[in-house]
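Reviewing the structure listed below.
Order of the sequence lines fixes the chain letters, A, B, ..., with proteins taken first and strands second; residue numbering starts at 1 for each chain.
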Protein chains: 4
Amino acid sequence: MLELVVQQGIQATPMSQVVKESGVAAGTIYHHFSSKEEIINELYLNLKIDFGKALSEHLTADLSYKEKFFQTWLNLYDYFCENESAFHFAEQIGHCTMITSETKQKGEIHYLPIVEFFAQGISQNVLREMDLKLMTNLIYGNIVTAVQITLSGDLIMTKDRLYSVIESSWDSIKKH
Amino acid sequence: MLELVVQQGIQATPMSQVVKESGVAAGTIYHHFSSKEEIINELYLNLKIDFGKALSEHLTADLSYKEKFFQTWLNLYDYFCENESAFHFAEQIGHCTMITSETKQKGEIHYLPIVEFFAQGISQNVLREMDLKLMTNLIYGNIVTAVQITLSGDLIMTKDRLYSVIESSWDSIKKH
Amino acid sequence: MLELVVQQGIQATPMSQVVKESGVAAGTIYHHFSSKEEIINELYLNLKIDFGKALSEHLTADLSYKEKFFQTWLNLYDYFCENESAFHFAEQIGHCTMITSETKQKGEIHYLPIVEFFAQGISQNVLREMDLKLMTNLIYGNIVTAVQITLSGDLIMTKDRLYSVIESSWDSIKKH
Amino acid sequence: MLELVVQQGIQATPMSQVVKESGVAAGTIYHHFSSKEEIINELYLNLKIDFGKALSEHLTADLSYKEKFFQTWLNLYDYFCENESAFHFAEQIGHCTMITSETKQKGEIHYLPIVEFFAQGISQNVLREMDLKLMTNLIYGNIVTAVQITLSGDLIMTKDRLYSVIESSWDSIKKH
DNA sequence: AATGAATGAGCCTTCATTCAT
DNA sequence: CATGAATGAAGGCTCATTCAT
């Protein structure tokens, strides 16, 4: 059911549509969730879990730090491109007041491995000194930009272009 | 009048609120604009003009290319921090279907000097080879990230931190 | 529910009034009908069915053609006088664009027996040669006129006067 | 200016359109009329005058009573067919509460010659005994029916058909 | 637990009318 | 006299939510 709402995409989706697509009655939904806000928060959390999972794929021990960075970057990029509605949902979440700060905090847990990964990079002198929040958001922003351009269709995202962007990302945080 | 609606911030703002805050009657607004959509589009365009103006401030001829980049970056960052509602409005614009593609096209005109600035950087071998759309969006994304963190209050944006971010931005596109 | 709206009478009646008089909430109405237009069309069809039923009452086999004509005429006249709002509704329907041609077509089905009755009259040489559409509309118009005068109260419609009108109607289409 | 509103046709026409089409400002209109209702009433009266004029055209002294009836009938029929908007306006007038009974009374003055014509017919034993109001409305209704069918385009109103209708009208009131 | 009809505040917009200029 | 910007109540309709069954 949560999946369905994600596929709908937006928090702008009326509950009436959710009801129709989910195949259950309005009352039934409100048996499980106290409000639309709760559904959105639940969804948000589920997505964060998915993101967390996606991020750590294909990260074998034999990869160098930079290679791991590239793989992680690509993991999120691919996930968003393949789950367009999840991406748009995540995009909209940022600009709506429906997500409680409590939920946001809960969601960040799933990003801890990444934050940890960046922290390691800094302590190992592979990445430059920078506030972790700043650094992670900067890179996340880069990925979002790449996904936006890819999905908009304004530009065909060739492999060359994509790797050039990742390289940019890397250069922006790597130790000089 | 446009200013007032911008201060409201969001296109999700109901007209009833726009009416209340603007201090004029509903009919009055519709005397000047044919629909909410038109208001939003008008606003969008006005903001783009403002952005364009803000971007080119303090760009004296004596500055080096990198210095100009820094100044431009700061110009937009400062503008957004000082016009928080304009920032939030711009953020939401991206995810709503209200802005016509015609309006978007018109809006891009005001960014031409920047695109030109980046193009120069590439042709002068100061910046790396990269699609212009990609490059500008990447940097724009960096600024947005910085503004978001600043405005969220999660992190105090000291001068050091800010310059560290701009340096990151620069490193991500400068010629190796 | 349909009945209630008919009692309101007019399609010029605002939905807010329909809501108030019907005793249900606005949303409830739109739960059953997708728009005001649909309500009006539904109403129109229901009325046509009622008309059709009313028209064929008391038509026993022992009546002569002329007597059947008189009875039919009176049937519609009585129906309109007893269902004043239905009459006014029917009157207004003609001048509004809300009724779709599809609905109109559906509605005409219920008039077929009458048209058939007139056709028989012509083929049996009881009625004069005349386009059926013209003939039925002429007689319908006579009835409407009589009802209007009756309901306006400008003139007391005595039995004598009424039969005089029906006689006029009859004379206007009977074979010389 | 009045003409313009008639051409618009309907009382459903918004004043804003009247303003636009008339070429004068809203305020100007309200200098001359205290309300939309007054405009409609004024229009109504003007039309009644026009009707009155139309009715008595081509009525030369050499015509027989029946011929005069035919001519009068045709006068109104032609007037309506040639002034479609005036016809529709008149049609709508009946079903709206905007026309005051005072106005209606004033309007009837212009019909007096017709009423007189029918009265003569009765007293001269050419027409049957019938309440004058009833008789005039019956005939008026016949004309309206003919015009409606003509303007609807559902049936091509040939000369034969038209004269057949007028004959029907005549037969409905002529002395047996 | 599940239903879905019912709710009613709120949405964007229109329009007859007013009033300062 | 003329203007037209301003008014604000009212219009049709939506939608998150409730509640009797």
Side-chain angles (χ1 to χ4, degrees), chain A residues 1 5 8 10-40 96 98, chain B residues 1 5 10-20 22-40 98, chain C residues 1 5 8 10-20 22-40 96 98, chain D residues 1 5 8 10-40 96 98:
Chain A
M1 226 207 76
V5 187
Q8 296 262 54
I10 326 185
Q11 130 266 24
T13 307
M15 285 306 280
S16 62
Q17 222 178 106
V18 176
V19 164
K20 212 182 291 172
E21 302 261 339
S22 70
V24 297
T28 311
I29 291 177
Y30 280 87
H31 260 289
H32 299 293
F33 304 95
S34 66
S35 69
K36 189 182 181 181
E37 193 173 321
E38 196 180 302
I39 298 178
I40 302 290
C96 89
M98 259 186 182
Chain B
M1 230 218 82
V5 188
I10 326 185
Q11 120 269 24
T13 306
M15 285 309 278
S16 61
Q17 220 181 110
V18 176
V19 164
K20 210 182 291 172
S22 70
V24 298
T28 309
I29 292 176
Y30 282 88
H31 188 67
H32 299 291
F33 304 93
S34 66
S35 68
K36 189 180 179 181
E37 195 173 321
E38 194 180 303
I39 298 178
I40 302 292
M98 257 187 184
Chain C
M1 227 218 84
V5 189
Q8 291 267 80
I10 327 185
Q11 120 271 24
T13 307
M15 285 308 279
S16 61
Q17 219 180 113
V18 176
V19 164
K20 212 182 289 174
S22 68
V24 297
T28 309
I29 292 175
Y30 283 89
H31 188 67
H32 299 290
F33 304 94
S34 67
S35 68
K36 190 181 179 181
E37 194 174 321
E38 194 181 302
I39 298 178
I40 302 291
C96 90
M98 258 188 183
Chain D
M1 224 209 76
V5 187
Q8 297 263 51
I10 327 185
Q11 129 267 22
T13 306
M15 285 305 281
S16 62
Q17 224 179 107
V18 176
V19 164
K20 214 183 289 172
E21 303 261 338
S22 69
V24 297
T28 311
I29 291 177
Y30 281 87
H31 261 288
H32 299 293
F33 304 95
S34 67
S35 68
K36 188 181 180 180
E37 195 173 320
E38 197 180 301
I39 298 178
I40 301 291
C96 89
M98 258 187 184

Provide the closest heavy-atom pair for D:Thr13 versus D:Lys36 in the form atom of the first, atom of the second, distance.
O-NZ, 2.8 Å
4.5 Å side-chain heavy-atom contact, D:Ile39 and D:Val18:
no
Just how far is it from atom OG of A:Ser16 to atom NE2 of C:His31, taken to the nearest 0.5 Å?
11.0 Å
Within the side chain of A:Glu38, is there an N or O that forms a donor-acceptor pair under 3.5 Å with the backbone of A:Ser34?
yes
Under 4.0 Å protein heavy-atom contacts per nucleotide of nucleotides 6-13 of chain F, with B for base, S for backbone only and - for none:
SBBB-SSB
Could you tell me the separation between the CZ atom of B:Phe33 and the CE atom of B:Met15, rounded to the nearest 0.5 Å?
8.5 Å
Checking base pairs now: Watson-Crick or wobble, both atom distances under 3.5 Å. What partners E:dA6?
F:dT17
Round to a whole Å and report the spacing from NZ of B:Lys20 to C1' of E:dC12.
15 Å
Watson-Crick or G-U wobble partner of E:dC12, both distances under 3.5 Å:
F:dG11
Taking all atoms of both residues into account, what is the closest heavy-atom pair of A:Ile29 and A:Ser22, and its distance?
CD1-OG, 4.0 Å
Quick one: look up who E:dA1 pairs with, Watson-Crick or G-U, both distances under 3.5 Å, and put none if it's unpaired.
none
